[in-house]
Each structure stands twice: as C-alpha cells, then as structure tokens.
Protein chains: 2
Amino acid sequence: MSSPSPKLALFEQFALVAKTLGHPQRLELIEQLGQGPRSVDLLAEKLGSPIANVSQHLQTMRRAGLVAAERQGKYVVYRLADASVLMAIQAIQRVAENNLAEVNKIVRGYFEQRDSLEPITREELSGRLRDGMVTVLDVRPADEFALGHVPGAVNVPLAELDARLSTLDPSRDIVAYCRGAYCVMSFEAVSRLRLQGFRARRLEDGMPEWAAAGNAVAS
Amino acid sequence: MSSPSPKLALFEQFALVAKTLGHPQRLELIEQLGQGPRSVDLLAEKLGSPIANVSQHLQTMRRAGLVAAERQGKYVVYRLADASVLMAIQAIQRVAENNLAEVNKIVRGYFEQRDSLEPITREELSGRLRDGMVTVLDVRPADEFALGHVPGAVNVPLAELDARLSTLDPSRDIVAYCRGAYCVMSFEAVSRLRLQGFRARRLEDGMPEWAAAGNAVAS
DNA sequence: CGATCATTCAATGGAATTATTGAATATAAC
DNA sequence: GTTATATTCAATAATTCCATTGAATGATCG
C-alpha cells in the first residue's frame, strides 16, 4: 500500500476514481444522484437492490470522492461530490459511444431509422420554450418529477404513456427527456410517440445536465 | 452474460470503459500513447514491465474501445482510439483533483508555496512563442522528444537538467512541459529551476493535449 | 425508556482480476 | 527453410471485488 513514486501515487488515485465508476450499479446510483440528493433508502428502492448493498456502494464512492454524505435526522442523504463527476460520466459515455460497436447496436435497437436519432440541444429547447412552441415531456416516474423538473414540463411517466396519448396535442412538437443522455426511457418514449404519428424528439441529455447548465428547475 | 434490459446493457458498456481505465499501469500506457502510436515492445520498455503483461493490458483496453492496434511488419503498433479517450482521462483527473485530498497532498509535495502552482495555458504559450519571449523546455526522455514535440522546444530530459543548467538563459522565462497535466517531470523540473533562480512555469498540460488542440508538432 | 426505522458493520463464499510463467504464433531476415 | 524477434495465448496462483446475511449502531417517536 505504500506508494514509492509520486507519479505512481497519483495514477493510483486516478485509477481509484475510474475503477469506482466501473460498476453498472454505481453508474445507476450516479444517474439517480445526478437528479438531486437522495437517501440510501430511496436509492435502494429505485435500484431494486438490498439496502446493505447500496450502502456499501455509496461508501465506496465516497472514498473515491464521487459522492458526499450528510446525515439529516433519521436519513443519510447522499449527493454528487460536484459537477465534475457528471462530466466524467459524460466523457466515459462518449468514449463508449465512439468506440464500442455494442453501444450503437443497443441504441439503434430503439430506432429503426438512423436519422430520427438526432436529439435536440438544451439551447434549442430553451429557445423554443420561450416561444411556447413545444410540449416538453418528462417521462420519469412521478416521484422523481416531484423532486425537480424542467419548468413547464408535463410529467407523463413512461408506464402511463400509452394511456395518456389522447391528452397530447398532435399538432405540437414534443421533446421528451428523462435522467440523462442515455436514460433509455426517453428513447422508448420517442419511439412509441413516433409510431403514433407524433413529431417527437429526444433532448440530447437529461435532468442533471439541464440543472448543471444553470437552467431553472421547478419543483 | 446475457443482458436483459437495454438500460443495464448500456450501463455495462459504460462500466467496462471506466473499469478498464481503473488501473495505474493502463493509465500509464494511455499517457504514453497520448504522445503518439507506439509498439508493444517500446511500451513495455517505458513502463519497465514484462511484455506479456503489457500486451494483455493493451488487449483489455482494445476490448473496451480505448485503443486500436495495427500490425506494421514485425511490430504491432497501438494508438489511442480517438481524442475522447484523452478527454475522459482529463475528466477523471479533475474529479480526483477536486475531491480527493490525497491528490492535492501529492501535488503540493512538489511546490512549497501554493501560488507558484499556476500553470500557463496553451493559448498563452502559443502567443509568447510567436513573440519569441520564452524558452520552451521539453523535459521528457530524448526518444519521446524525437517522436514529436512542440516546435521550438529544447529537449532537456529531467535526468540531465542539473548538468545543463548553465546552458539556459536566466533572463528568459521558461515554460516546461512533459507528457500531460499530471506528468510529474514538469513539476519536478519547475521546482528545481525555481530553486536555481529561474522564472519557470509549467504548461497546464502536455504533449497529447498540445497535439489534440491542432497545434503543430515538430519531429 | 422501549420500540422502530435507517444505515452501517462484519463475516462468508463465490466470482472476477492480475501477475507470472512458458509455450505458441506470426513476421522478417538470412 | 531456418532462425530470430515481436506478440499473443494458456494456465496458474494470489489477490481483490462483490452479493448476501445477520448483527450492531444511531436517530426518532411514542
């Protein structure tokens, strides 16, 4: 455990960060925490994993400087250490997207035609929001929506999308978003909406990036 | 190995990338490859590790989409898959720098006074290079210098720095760089130069970033 | 204070990762 | 063809990582 050269010592620290990011369940935790601070309890429920398991992952992430914890009464509330964590996630996703054929295969499974993939940028959405020309659809579960969402967005959880199709105006463009760039719920939502004849597109990323970019968040 | 939900499948891919970055030796390999394509042979020598070991790490990285390999006659030459890999490394370094006290402790071990830490940006260096107001010092080993360097830079490998102090003009500002933002050789060089009364600063990053930013590279 | 709830700790076994070693393959040189 | 060199493959043991379980801790509520 002793680190002879400072160079190796530094690389060991960097490797610790990366290695800690290298577990699907921990990435899922970061996806959740990207939307806002959450208790161990809630996180475990979201992931459908045993609490002890989630707690251990969170502690591992705390040791790696990815998250911070604060006791609030009965609960321990975890949050992302800072915005750099989200940026690291994005950078890793970009590497995977560029260089792992498997990723594109999965993504394309949601879209038969390649050109419908083009997402809308945050800037574009901001502009069209001001013009009121667009319906913004938040397809996350209701509890996540309640903890913060894009102002003006309508919450239609993916599970209820089919049932609530009739409440959507087919003459308006729809922009769907969820937890992040690779949150599959928005992919799924856009895919289904298009099948029904709606003009639907995905936001390029999701809630955490919207908030991190300094945009307003309603709750 | 079967991936039920596409969401999990995606996260597994992302985790694969991150996990693969989570090893000091592999980070060292990326540091080397950031300077340009290299053979397994040369990489093993640089790291001082057995060839079989390095070869396996390289193959692991290839499976994760971090590097690509190409056979050139007798040699197999590896290179970074694309620029996104370097950006991911930088993002991870930033997380560590922001949130791991250990990293700052190590970095500060090279600089007693905190304010001397301020590095010079690539843009600033470009400008001062045009004015000819600055001596650019490449402190990497001679062979790495030979494979590509900042135009106009003088190669003074760290090991020879003390012996060649007299060849440096004390009236000129010195900017030292090496392999990257956390390549400790430039830290060490600046530290020593300052002790000898030189006005020395580090470049904010190193060779790979210089090249990735579209700057010219002499060889 | 006792009961309850949220979280962490500690111990277990199983799985994955890693370094090492020596053999196997592929290419170039002779 | 034979030899030399560069790289990869295969097998092993040591280590680390991970999920699970049940007990321990810390805080609130009655």
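In what follows, every chain begins at residue 1, and chains take the letters A, B, ... in the order their sequences are listed.
Results of the side-chain contact (heavy atoms from CB on, under 4.5 Å) test with B:V67 over B:L80, B:L29, B:V85 single out B:L80 as the only residue that passes.
Remark: P of D:dC18 and CD of B:E12 are 13 Å apart, rounded to the nearest angstrom. To the nearest angstrom, P of D:dC17 lies 15 Å from CG of A:L21. Here the C1' atom of nucleotide D:dT7 and the CZ atom of B:R38 are 18 Å apart, to the nearest Å. Going from atom CG of A:L16 over to atom P of D:dT16 covers 14 Å, rounded to whole Å. Between A:M61 atom CE and D:dC18 atom P the separation is 12 Å, expressed in whole Å. Computed from coordinates, the A:L29 CG to D:dC18 P distance equals 13 Å when rounded to whole Å. Between the CZ atom of B:R63 and the C1' atom of C:dT17 there is a distance of 12 Å, rounded to whole Å.
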Residues 40-47 of chain B side chain polar contacts: donor-acceptor under 3.5 Å, at least two apart:
unit_1	atom_1	unit_2	atom_2	d
B:K46	NZ	B:D143	OD1	3.0
B:K46	NZ	B:D143	OD2	2.9
B:K46	NZ	B:E144	OE2	2.8

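B:T60 and B:Q56 share no donor-acceptor pair across their side chains, judged by distance under 3.5 Å alone. Residues A:E97 and A:Y182 bring a donor and an acceptor atom of their side chains to less than 3.5 Å of each other.
At a threshold of 4.0 angstrom between heavy atoms, the contacts of A:Q72 with the nucleic acid are absent.
Phosphate proximity of D:dC18 to A:Q25: absent, as no side-chain N or O sits under 4.0 Å from OP1 or OP2. Contact between the side-chain N/O atoms of B:H23 and the OP1/OP2 oxygens of C:dA19 is found at a separation under 4.0 Å. Close to D:dT16, at under 4.0 Å from its OP1 or OP2, lies no side-chain N or O of A:K19. Listed pair B:H57 / C:dT17 fails the phosphate criterion, with no side-chain N or O lying under 4.0 Å from OP1 or OP2.
Using cut-offs of 30° and 60° on the angle between ring planes, the pair B:F145 and B:H149 is parallel.
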Quiz item: Given the rule in the side chain to side chain contact (heavy atoms under 4.5 Å, CB included) test, do A:L193 and A:L168 qualify, once you have shown the distances and angles that lead to the verdict?
Solution: CA-CA 10 Å; A:L193 286 168; A:L168 295 174; 4.0 Å; yes

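Toward the 5' end of DNA chain D, the nearer of the two residues A:G73 and A:T60, judged by each one's closest nucleotide, is A:T60.
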Close N or O pairs between protein and nucleotides 7-9 of chain C (under 3.5 Å):
unit_1	atom_1	unit_2	atom_2	d
C:dT7	OP1	A:V40	N	3.2
C:dT7	OP1	A:V76	N	3.3
C:dT7	OP1	A:V76	O	3.4
C:dT7	OP2	A:D41	N	2.5
C:dT8	OP1	A:Y78	OH	3.0
C:dT8	OP2	A:S55	OG	2.5
C:dC9	OP2	A:Q59	OE1	2.4

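A distance-only check finds a donor-acceptor pair linking the side chain of B:R194 to the backbone of B:A200 [under 3.5 Å].
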